[in-house]
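One structure below.
Throughout, numbering of the chain's residues begins at 1 and tracks the sequence. Every value quoted in this text rests on a predicted model; they were computed, and no experiment measured them.
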Amino acid sequence: ALVGATTAVVPLMVRYLGRYTGYPLAIIFLISAGLLLVDAPAVMQGETIVQSWQWVAAFDVQFTLRLNGLSLLFAMLVLGVGALVLSYAPQYLDPTYEVGRLYTVFTLFGAAMLGVVLSGDLILLLVFWEITSLSSFLLVAGSGKGGTRPAIRALVITGLGGLALFGAVVLLVVRTQTTNIAEVFVLAPERLTTNELAIVAFLIILAAFTKSAQVPFHFWLPGAMVAVTPVSAYLHAATLVKAGIYLLLLMSPLFIAFPAWNITLLIFGLATAVF
C-alpha cells in the first residue's frame with residue numbers, strides 16, 4: 001500500500017528533487033520491506049498472514065493479500081533490488097533525462113509486482129499481472145524511438161501469456177466457485193477432471209514462459225534491454241522475469257503429482273539456461 005500510494009506523489013517529488021527523487025523512493029522501498037519483515041518470524045514458523053477487504057461484492061471477490069514464505073522471499077527481491085536500483089539511478093541518469101515518467105512508472109511497476117506476489121485472490125493476481133506488463137511496456141517504450149518496437153513485441157508476447165493466465169483463472173473459478181487462492185488449492189483436485197487440470201497446467205506454463213522469456217518465447221527479452229540501465233536491471237534482470245517463476249511455484253501444489261509438469265519445467269528451464 002505504501003509503494004502504491006507513493007506512485008501518486010512521485011510527480012510532485014520530481015518537481016522539487018528532479019533525478020534525485022530516486023533516493024527518497026529507495027528509502028520508501030526499504031521501509032516497505034521493513035514493514036513486511038515485522039511478520040517474518042511468524043512466517044518462518046509456517047504461519048500465513050492474511051488481510052482481506054471487500055472488493056467486488058457482486059462476484060464475492062475479496063481484495064486479499066497473504067504473506068507466506070514464498071511471497072516474502074519474492075517481496076524482498078522486489079523491494080530490495082528496487083531500493084538498490086533507485087539509489088543508483090540518480091547518479092546514472094543524465095540531468096536532461098525525463099525522470100518524471102521513469103520514476104512514476106517504475107514505482108507503479110514495483111507496486112504491481114508486490115501485488116502479484118502478495119495476492120491471495122486469483123482475480124487480484126490477474127489484475128496485478130497485467131499491470132506489470134503495461135508498466136513494463138511504458139518503461140521500455142519511453143526509451144525513445146529505438147524502444148517502441150521492442151516494447152510492442154514484449155507487450156504482445158506477455159499479453160499472450162496474460163490471456164493464457166486469464167483462461168486458467170476462469171476455468172479454476174468456474175469449477176471451484178471461489179477466487180480465493182487457498183480455497184482453490186483445496187477444491188480444485190476434487191472438482192476438476194484430470195483433463196481440465198492438464199489444460200490449466202498448460203495455460204499456467206504458457207503464461208509463465210512468456211513472462212519469464214523461456215524458450216521458445218525468449219526472443220522479446222534482448223530487444224527490451226534497449227531501455228536505460230536502471231529499467232533493464234530492475235525489470236528484465238530482477239523482477240519482471242521472476243513473475244513467471246513465482247507463478248509456477250505458486251501453482252505447483254496443484255500439479256506436483258503430475259510427472260509431465262516437472263519434466264516440462266526441467267526441460268524448458270534447462271534449455272533456456274543453456275541457450
- request: Start with the C-alpha distance between L67 and T48, add both sets of side-chain angles, then the distance that settles side-chain contact (heavy atoms from CB on, under 4.5 Å), and finish with yes or no.
  value: CA-CA 6 Å; L67 183 69; T48 298; over 6 Å; no
- prompt: Is the backbone of L118 close enough, under 3.5 Å, to the side chain of S71 for a donor and an acceptor to pair up by distance?
  reply: no
field: Closest heavy-atom pair and its distance - A26, S87
entry: CB-N, 4.0 Å
- prompt: Which atom names give the shortest non-hydrogen contact between P150 and A224, and what distance separates them?
  reply: CB-N, 4.0 Å
message: Does T179 form a side-chain hydrogen bond (donor to acceptor under 3.5 Å, both in side chains) with D121? I'd like the steps, not just the answer.
response: CA-CA 5 Å; T179 60; D121 187 277; 2.4 Å; yes
- request: Give a yes or no on whether the backbone of L77 and the side-chain of K242 come within a donor-acceptor separation of less than 3.5 Å.
  value: no
- prompt: Can you list every salt bridge (charged side-chain N to carboxylate O under 4.0 Å, His left out) pair that touches residues 26-55, not counting sequence neighbours?
  reply: none
task: Give the cluster check for F258 versus V186: same hydrophobic cluster or not, with ILVMFWY residues linked at side-chain heavy-atom distances below 4.5 Å.
output: no
message: Side-chain heavy atoms nearer than 4.5 Å, only ILVMFWY residues, links allowed to pass through others: does that put L165 and L163 together?
response: no
field: T64 versus S52, closest heavy-atom pair with distance
entry: OG1-OG, 3.0 Å
Heavy-atom neighbours of F185 CZ exceed 12 at 6.0 Å: yes
message: Membership question, hydrophobic clusters at under 4.5 Å side-chain separation (ILVMFWY): are L36 and M113 in the same one?
response: yes
- prompt: Does Y16 use its side chain to pair, donor to acceptor, with the backbone of T21 at less than 3.5 Å?
  reply: no
message: Would you say that more than 12 heavy atoms from the other residues, nucleotides or ligands in this model lie under 6.0 Å from the CD of Q45, or not?
response: no
message: Consider ring pair (Phe, Tyr, Trp, His ring centres under 6.0 Å). Of F217, F202, F268, which one does F209 pass it with?
response: F268
message: Contact between V184 and V173 at the side-chain level, heavy atoms closer than 4.5 Å - yes or no?
response: no
message: On a heavy-atom basis, which atom in S135 and which in V105 lie closest, and how many Å separate them?
response: O-CG1, 3.3 Å
message: Students often mix this up, so state it plainly: with edges at 30° and 60°, are the rings of Y20 and Y23 parallel, tilted or perpendicular?
response: parallel
- prompt: Is the shortest heavy-atom distance from the side chain of T210 to the side chain of L206 under 4.5 Å?
  reply: yes
query: When hydrophobic residues are tied together by side-chain contacts of less than 4.5 Å, even through go-betweens, does L86 share a cluster with L17?
result: no
message: Could you measure the distance from the CG atom of L187 to the CD atom of Q177? Nearest 0.5 Å is fine.
response: 10.0 Å
field: Min side-chain heavy-atom separation V116-F74 under 4.5 Å
entry: no
task: Compare all side-chain heavy atoms of M251 with those of V200 and state whether any distance is below 4.5 angstrom.
output: no
field: Check: T229/Y92 side-chain N/O donor and acceptor closer than 3.5 Å
entry: yes
message: Parallel, tilted or perpendicular, judged at 30° and 60°: which one describes the rings of F29 and F106?
response: tilted
task: Starting at CG of L79, measure out to CG of L114 and round the result to the nearest 0.5 Å.
output: 4.5 Å
query: Hey, mind stepping through I152 and T148 against side-chain contact (heavy atoms from CB on, under 4.5 Å) and telling me if it holds?
result: CA-CA 6 Å; I152 293 174; T148 303; 4.0 Å; yes
message: By the side-chain hydrogen bond (donor to acceptor under 3.5 Å, both in side chains) test, which pairs, at least two apart or in different chains, include something from residues 247-256?
response: S252-W261
query: To the nearest 0.5 Å, how far apart are CG in N262 and CD1 in I267?
result: 11.0 Å
query: Between A227 and S232, which heavy-atom pair has the shortest distance, and what is it?
result: O-OG, 3.2 Å
message: If I take atom CZ from residue R175 and atom OG1 from residue T193, how far apart are they, to the nearest 0.5 angstrom?
response: 7.0 Å
task: Could you check if a side-chain atom of L65 sits within less than 4.5 angstrom of a side-chain atom of W53, using non-hydrogen atoms only?
output: yes
- line: Taken to the nearest 0.5 Å, the spacing of E183 CD from T176 OG1 works out to 8.5 Å
Linked, directly or transitively: L30 and L84 (ILVMFWY side chains, under 4.5 Å): no
- prompt: Backbone N or O of P11 within a donor-acceptor pair of the Y103 side chain at under 3.5 Å?
  reply: no
query: Can you name the closest pair of heavy atoms from W220 and R153 and give their distance?
result: CA-CD, 4.0 Å
field: Point-to-point distance, once rounded to the nearest 0.5 Å, from CG of L248 to CD of Q214
entry: 8.0 Å
field: R66 side-chain N/O to V50 backbone N/O, donor-acceptor pair under 3.5 Å
entry: no
Contact check, side chains of T264 and F255, non-hydrogen atoms, under 4.5 Å: no
- prompt: Where the side chain of T132 meets the backbone of W129, is there a donor-acceptor pair that is under 3.5 Å apart?
  reply: yes
task: Could you check if a side-chain atom of V85 sits within less than 4.5 angstrom of a side-chain atom of V231, using non-hydrogen atoms only?
output: no
field: Minimum side-chain heavy-atom gap S133-K211 below 4.5 Å
entry: yes
